Amino acid sequence: MVQYFLPTGMRYSILEERKSFYTDEFNLEKVAQWFGSLSGKVKFAVIIGRHTKIYPKKYEEDATTTIIVDEYSSLGDVRQQIIEFLPEAVYYDRNVYDPDDRITGQELAFDLDPENITCPVHGTLAEKMKRRQGLSFCELELEMVKQEAVSLCDFLSSRFSEVRTVYSGRGFHLHVLDHEAYRFSKQERQNLAAIVKKEGFHIDEWVTSGEMRLIRLPYSLNGLVSRIVLPLKNEELERFDPIHDERTLPVFLKQVTF
Ligand SMILES: [Zn+2]
């Protein structure tokens with residue numbers, strides 16, 4: 001198994017930790033608030049053990065697949081299904097569906113990941129991939145990607161009225177919740193992604209263009225780094241400490257010293 005290098009204190013979560021997090025800590029009220037302005041049913045998705053190779057034995061065959069969770073009665077029911085799978089990652093589908101399951105729009109989002117940053121120590125993504133360290137990242141890369149998030153937030157805020165920033169546990173996501181952005185065509189999304197890349201931002205174009213429609217669920221556990229996915233106030237982003245901020249630490253990490 002390839003072990004990735006991560007900043008100090010970050011590590012995979014084991015099954016018991018995922019279970020205690022989703023049983024005792026996962027904040028459904030805050031999840032509900034996140035989707036507050038959205039009408040229509042949200043589809044969720046889980047990946048049990050694609051990167052960590054940590055999964056309940058009975059789900060061995062499904063460990064690397066993306067499992068859609070779209071049949072549920074309440075968020076409490078979603079929580080129960082998550083506790084059943086004990087996934088390394090939980091996502092939601094940015095597509096908006098009408099009651100007949102037709103897509104009526106898609107939330108516009110931007111994904112900034114630290115591995116895409118060229119690091120003075122670890123080099124380019126290609127160099128990291130060559131060492132099979134494509135998912136590794138260091139504190140310097142995390143700081144650099146945070147600065148990109150600050151700039152991208154400014155850039156987007158000059159064009160849209162409702163931009164939200166989320167710390168994903170590895171990098172940062174910027175969500176645009178303006179109604180007009182939900183209705184953008186694929187071409188408009190691709191054009192915007194190209195503009196943003198040209199401005200020098202290391203975004204994942206698949207996310208912005210919409211081909212990758214899943215995005216990490218705020219307040220879920222990122223099981224690759226044992227951090228809680230945390231929405232931030234845009235004005236606090238600059239001084240946010242992604243490695244030590246208490247709000248991102250699950251209880252199981254607070255109980256040990258490192
Ligand atoms: Zn580095």
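Numbering of ligands and ligand atoms starts at 1, following listing order. Being a predicted model, the structure only gives us computed values, none of them experimental.
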Participant: Under a 3.5 Å threshold, yes or no: a donor from one side chain and an acceptor from the other, between Tyr12 and Glu88?
Facilitator: no
Participant: Among Thr64, Thr66, Thr65, find the residue that satisfies the side chain to side chain donor-acceptor pair (under 3.5 Å) test when tested with Arg50.
Facilitator: Thr66
Participant: Would one find an N, O or S atom of Glu139, in either backbone or side chain, under 2.8 Å from the Zn ion (ligand 1)?
Facilitator: no
Participant: Among the N, O or S atoms of His122, which one sits nearest to the Zn ion (ligand 1)?
Facilitator: ND1
Participant: Mind checking whether His122 and Cys138 have side chains closer than 4.5 Å, heavy atoms only?
Facilitator: yes
Participant: Is a side-chain donor-acceptor pair under 3.5 Å present for Ser74 with Arg79?
Facilitator: no
Participant: Before moving on, can you tell me the angle at the Zn ion (ligand 1) between the OE2 atom of Glu141 and the SG atom of Cys119, to the nearest 10 degrees?
Facilitator: 110°
